[in-house]
Amino acid sequence: MESLEAELARARDLDVSDLADAIESIGFECTRCGACCKANEDSEGPRGDGEAVGGDPHTATVFPDEVRELQATGDYDWRDVARPMPYGLSEGPDGPEGETFEWALQTDACGDCTFYEESEGDGRCTVHDDRPLICATYPFSVALGGTSQPMGEAVDEAGMVRAHECEGLGRDISRADAEDLARALKERAIRELAEAIGVRDNYEPVETGSDEVVVYDSEGAKTPDGASR
Ligand code: SF4
């Protein structure tokens with residue numbers, strides 16, 4: 001893989017018009033099914049009869065400044081908005097423990113995103129205008145090393161754009177919407193790579209107890225409530 005700095009330079013050089021062409025050729029319209037905001041319920045019950053047994057909780061990467069922006073939408077505490085990304089953590093007797101390098105959107109008791117609401121079968125994001133870039137660009141990602149991939153397998157690719165499993169793929173999209181998505185996709189790639197460089201450059205291991213969780217983000221080591229260690 002290229003260095004993160006080289007990938008960041010490539011992200012800054014991405015042509016929004018080319019990205020919009022790729023998005024138009026793949027096609028997308030959100031059907032408001034809520035699949036990208038809910039727990040992954042693909043897993044089947046032990047009888048193999050298709051009954052979901054409660055899959056993995058929803059995971060979506062959120063940047064530290066996005067956490068603060070979301071906190072401001074409702075006077076929320078850090079923990080109301082974000083939780084340590086579970087990858088790399090292990091389950092101890094009193095809950096998760098270990099080190100991780102990202103934040104994920106907080107989930108509710110069902111494993112759905114804490115900002116997702118459903119009434120009479122219709123899903124809704126309660127922070128739509130302030131939703132993180134990973135949500136604003138779903139189900140797309142760019143084919144650059146060091147960028148994060150959303151939930152779901154990559155199922156289509158055009159130019160630098162990858163599309164991940166989503167029932168809205170293949171639908172017509174207006175040029176204006178494709179360009180908005182392309183701009184957000186480019187911004188997300190730049191922010192992800194800048195965050196990854198910050199994590200690497202600010203990484204200073206701290207002593208931790210065996211039952212603690214530490215999140216090393218681009219601003220240094222933090223406790224699960226977002227405070228500096
Ligand atoms: S912030 Fe909104 S769009 Fe993003 S996962 Fe949560 S409910 Fe869905």
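Atoms within each ligand, like the ligands themselves, are counted from 1 in listed order.
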Would you compute the distance between atom [atom1] of [X] and atom [atom2] of [Y] and round it to the nearest 0.5 angstrom?
{"X": "Ile23", "Y": "Asp18", "atom1": "CD1", "atom2": "CG", "result": "11.0 Å"}
{"X": "Leu181", "Y": "Arg183", "atom1": "CG", "atom2": "CZ", "result": "10.0 Å"}
{"X": "Tyr116", "Y": "Leu105", "atom1": "OH", "atom2": "CG", "result": "14.5 Å"}
{"X": "Lys222", "Y": "Tyr216", "atom1": "NZ", "atom2": "OH", "result": "13.0 Å"}
{"X": "Asp65", "Y": "Arg191", "atom1": "CG", "atom2": "CZ", "result": "4.5 Å"}

Only heavy atoms of [X], strictly under 4.0 Å: list the atoms of ligand 1 that pass.
{"X": "Phe115", "result": "7 (S)"}
{"X": "His58", "result": "5 (S)"}
{"X": "Tyr116", "result": "7 (S)"}

Any Glu117 heavy atom less than 4.0 Å to ligand 1:
no
Cys135 backbone or side-chain N/O/S under 2.8 Å from atom 4 (Fe) of ligand 1: yes
Would you say that Glu204 contacts Val206 through its side chain, given a criterion of any heavy-atom pair below 4.5 Å between the two side chains?
no
Which residue and non-hydrogen atom of the protein lie closest to [atom], and at what distance in Å?
{"atom": "atom 2 (Fe) of ligand 1", "answer": "Cys125 SG, 2.3 Å"}
{"atom": "atom 8 (Fe) of ligand 1", "answer": "Cys37 SG, 2.3 Å"}
{"atom": "atom 6 (Fe) of ligand 1", "answer": "Cys113 SG, 2.3 Å"}

